[in-house]
Amino acid sequence: CTQLGTDVTTLQADAPVPVASMNTVYQDALTNSALFASSCVEAATLVDPTLLAQAQQYETRATSDFSQLTGMMQSQP
């Protein structure tokens, strides 16, 4: 979880995706990934099942965002 948080921070500092609609979805995916990473670390540190459930929700959202982005990329000419 900690490494994911570091990786997301690095990616957020990169240049935006050139296609605005794709960039919006990409940024959403990164935001949800960052929220997943921080919630995961906190849940593991505190051994808190409620925080773990919250982390899983962020993970699900990030996965959905990345799937949507993949579909958008595949439909590009």
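Q3 pairs by the side-chain hydrogen bond (donor to acceptor under 3.5 Å, both in side chains) definition with D7, not counting sequence neighbours. Looking at residues two or more places apart in sequence or on another chain, you find a side chain to side chain contact (heavy atoms under 4.5 Å, CB included) between S21 and V19, M72.
Annotation: the span from C40 atom SG to L52 atom CG amounts to 7.0 Å, rounded to 0.5 Å. From F66, atom CZ reaches atom CZ of R61 across 15.0 Å, with rounding to the nearest 0.5 Å. Taking OG1 from T6 and CG from L11, the interatomic distance works out to 11.0 Å, rounded to the nearest 0.5 Å. Residue M22 holds its CE atom at 3.5 Å from CD of Q76, rounded to the nearest 0.5 Å. Considering OG1 of T63 and CD of Q56, their distance stands at 11.5 Å, rounded to 0.5 Å. To the nearest 0.5 Å, atom CZ of residue F36 and atom CD of residue Q57 are 12.0 Å apart.
Criterion: ILVMFWY side-chain heavy atoms under 4.5 Å apart, direct or through other members. Under it, L4 and L35 are part of a common hydrophobic cluster.
V8 and L30 get closest at one heavy-atom pair: CG1-O, 3.4 Å. Between V17 and N23 the shortest heavy-atom distance is N-OD1, 2.9 Å.
Listed by first then second residue, pairs satisfying side-chain hydrogen bond (donor to acceptor under 3.5 Å, both in side chains) with a partner in residues 29-55 read N32-D65, Q54-Y58, not counting sequence neighbours.
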